[in-house]
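Single-structure report; data block below.
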Protein chains: 2
Amino acid sequence: MQRPGGRTARVRTAVLKAAEDALVEVGFAGLDLGDIARRAEVGRTTVYRRWGSVAALLADVLADMAEQSLPRTRTGSLREDLRACARLTQRTLAHPRQGALFRAVLLAATCDASAAEALHRFYRVRVDEWAPCVTEAVDRGDLPPGTDPAEVIRAVSAPLYYRMLTTPDPLDEPTADRAATAAEAAARAGAFRAAQAGDPGTDTYGTVPPSTSTTGSRRTGREPR
Amino acid sequence: MQRPGGRTARVRTAVLKAAEDALVEVGFAGLDLGDIARRAEVGRTTVYRRWGSVAALLADVLADMAEQSLPRTRTGSLREDLRACARLTQRTLAHPRQGALFRAVLLAATCDASAAEALHRFYRVRVDEWAPCVTEAVDRGDLPPGTDPAEVIRAVSAPLYYRMLTTPDPLDEPTADRAATAAEAAARAGAFRAAQAGDPGTDTYGTVPPSTSTTGSRRTGREPR
DNA sequence: ACGCTAATGGAACAGGAATCCCGTTAATGA
DNA sequence: TCATTAACGGGATTCCTGTTCCATTAGCGT
């Protein structure tokens, strides 16, 4: 028989809070379940038993956070909607507490399956929350029919995450606005329409090497960008 | 007196190789310098002395990788250039070995200053490598004057990284092509021109709350997207 | 070739995180 | 209100990572 009431819930709240605090203070690498238990004034054993690892604990933090998410704003304009979406992402990532949290969960997700699943669910929910503004724009005729709403929303946030991860530059509002503008422009141009047959250019890549399989190690040169 | 020759270089090579192997096999979370030393058939002491931490070692792996990067392809078409760029990124991230490596270094960068610096330098170099194709497109008149080359290149990769991190979906070639198409469309529409005064829309955000400072915690609701 | 010493590697040591054991506390339902 | 037992908490224990010490190896200059 499970006992989610009273004490158990209190302990969970205290530990999640302590985990966030610890994360902001010492960073992801410095997280230690024993330390978190101390901050939460809870027995070490309890934390180890209920969560077992930093990644699992962060997954729970994310799940808790997801329940508190805000509804999207609703303007009547695609431009304004996307800008609001971008600003929200920018503000969240730039926020000292929430930003640290998101970076940490992104990290944890690449190491731990439960954290990855929690993260994926979180983003699925968030995209679904904002997708309607794209659908409405399509209905209004502002965007071409067949535009994939989720892709547009993802296109708004992607540059912000990429910038956060790969450059030392701060995430400011102009950056957010630029991301929104770019996503809107691409959407208007039909870049996010669902794959349609005969799209010119999809079959004419003369310069890209075959790359039959990514498994082959015929070349040692690496190359992302 | 320093002795970069012979044995030292051999040890470095063996350790970096072993680190990559270990990364692919046990993942970032499971990395252990002792284990890496064992794989490299090198004394633990040596690894601890020369690198000291997983993050520092990964930074060195990244530096080593950067030296082996391939030059960009050169077609005469912006569309083809961006597609090649996107495909290269996609192929790299989807590659079992290199993909794991990049994810790990991204992680390490958020925990360790030296890894972060190595990562930033790496992406700066990569962007600089590809930026010319945008500059050339501007010169040809394919893109509006004032277009920021680096931003266009980053816009190509951003969706791929975002997808890799936030969804369980595989990174395939259609995804890469879509990213290239979207970046091109946005660039053509002038979304990446350097900030110019009087850009209509930049000053008319009626729905976005003030958000004077991101530090304030007046609301507990969180919200990325 | 030879000597100097940077660099390595084995082994012992230390510190701390994760686990286990078991008594205590307090939610839950009758 | 009371019995039941899920869940907690403190302390001992184990395991393992990272450090230190010192002997050995092998670049490097002469």
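Remember, predicted model here, so these are calculated numbers, not experimental data. Here is the naming used below: chain letters follow the sequence lines, and residue numbers restart at 1 for every chain.
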Note: contacts of residues 35-52 of chain B with DNA chain C (heavy atom, under 4.0 Å) are B/V42, B/G43, B/T45, B/T46, B/R49, B/R50
Rounded to whole Å, the CG-P distance (A/D32 to C/dG15) equals 17 Å
Value for CZ (A/R87) from OG1 (A/T175), rounded to nearest 0.5 Å, stands at 10.5 Å
Worksheet item: Are A/R12 and A/D60 within salt-bridge range, i.e. N to O under 4.0 Å?
Response: yes
> Is any side-chain N of the basic residue among A/D35 and A/R39 closer than 4.0 Å to the acidic one's carboxylate O?
Replying inline: yes
Could you pull out every donor-acceptor pair under 3.5 Å between side chains of residues 40-47 of chain B and any protein atom, sequence neighbours left out?
none

Nearest heavy-atom approach of A/H120 to B/L165 is NE2-O, 4.1 Å
Whichever of B/R12 and A/L33 has the more 5' nearest nucleotide on DNA chain C, that residue is B/R12
Here the distance between atom P of C/dT25 and atom CZ of A/R7, to the nearest Å, is 10 Å
